[in-house]
Amino acid sequence: MITNRTFTIIKPDAVEAGSSGAILKMIEEAGFRIVAMRMTKLSPERAGEFYAVHKERPFYKGLCTYMSSGRIIAAILEKENAVADFRKLIGATDPALAEEGTIRKLFAKSIEANAIHGSDSDESAAIESNFFFAGMDIF
Ligand code: ATP
Ligand code: MG
């Protein structure tokens, strides 16, 4: 298990707002190296697969609609203690509760349209990276 990598998505609201450059700058300035990156758009079905752990939650259908509403940027990031440090950099799920200076505090519009995703464990990071980069060369 790789323990110095995490996986992120710049979500449709942030890409549409033209905030991806500013967000990637914050990520790099926080010491993360981008080791893979692609822009894509999910179908509602693919979005549902990605967030399958939430399928019993009341917000699941809205989440699938939102995550398939526009282009996203998926990336694999490398840093020591990547998963925990990245969750700290992005801040709480609800931007109203996110700490000052975090990506969600700066860029999220709501608890749903919250600008960015960060894996919650090394295991999730591996599964989610594979979801977007299976078969691609990662260096
Ligand atoms: P992510 O997995 O995207 O990094 P997270 O781990 O902070 O976010 P989760 O609980 O995994 O939060 O929720 C996944 C996503 O579902 C959230 O990022 C947000 O877009 C959406 N979401 C979570 N809770 C709610 C809610 N109460 N109402 C609407 N959308 C929600
Ligand atoms: Mg999560």
Side-chain angles (χ1 to χ4, degrees):
M1 171 75 59
I2 295 171
T3 58
N4 63 342
R5 284 185 181 173
T6 191
F7 170 81
T8 188
I9 295 175
I10 303 178
K11 296 185 178 182
D13 59 304
V15 173
E16 180 60 28
S19 303
S20 17
I23 291 173
L24 289 169
K25 184 164 191 275
M26 280 184 73
I27 291 171
E28 289 192 317
E29 284 177 353
F32 293 87
R33 297 182 65 80
I34 299 165
V35 299
M37 184 161 70
R38 63 184 280 231
M39 179 168 289
T40 186
K41 188 169 185 283
L42 294 172
S43 64
E45 293 71 30
R46 280 276 286 169
E49 221 181 296
F50 183 80
Y51 277 119
V53 290
H54 294 310
K55 65 171 179 286
E56 306 305 329
R57 310 286 284 277
F59 58 79
Y60 179 68
K61 200 157 184 282
L63 176 61
C64 296
T65 302
Y66 156 62
M67 285 300 293
S68 57
S69 67
R71 294 188 186 95
I72 58 168
I73 294 173
I76 300 173
L77 305 173
E78 196 166 75
K79 183 184 183 296
E80 232 176 84
N81 202 33
V83 167
D85 285 3
F86 194 71
R87 296 281 289 191
K88 207 156 178 233
L89 177 67
I90 70 178
T93 310
D94 182 352
L97 305 175
E99 268 184 61
E100 289 300 327
T102 59
I103 292 174
R104 282 171 170 164
K105 183 71 181 187
L106 290 164
F107 296 102
K109 295 182 175 58
S110 66
I111 189 169
E112 178 180 75
N114 62 359
I116 194 156
H117 162 78
S119 304
D120 60 11
S121 66
D122 291 336
E123 194 189 17
S124 302
I127 293 167
E128 293 168 1
S129 297
N130 200 48
F131 190 90
F132 284 92
F133 296 99
M136 293 188 190
D137 290 328
I138 312 286
F139 301 103

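What's counted below: heavy atoms across the whole structure, side chains too, no hydrogens, waters or symmetry copies. Indexing begins at 1, ligand by ligand and atom by atom, following the structure's order.
A donor-acceptor pair under 3.5 Å links the side-chain atoms of Arg87 to the main chain of Gly118, judged by distance alone. Between the side chain of Tyr60 and the backbone N or O of Gly48 there is at least one donor-acceptor pair closer than 3.5 Å. Of the possible donor and acceptor atoms, none in the side chain of Ser19 sits under 3.5 Å from a partner among the backbone N and O of Ala22.
Every protein residue with a heavy atom nearer than 4.0 Å to ligand 1 is included here: Lys11, Tyr51, His54, Phe59, Leu63, Arg87, Thr93, Arg104, Ile111, Glu112, Asn114, His117, Gly118.
Taken to the nearest 0.5 Å, the NE2 atom of His117 stands 7.5 Å off from the NZ atom of Lys11.
In this structure Pro95 satisfies the side chain to side chain contact (heavy atoms under 4.5 Å, CB included) test together with Ala108, sequence neighbours excluded.
Between Phe7 and Phe132, the ring-plane angle classifies as parallel under the 30° and 60° cut-offs.
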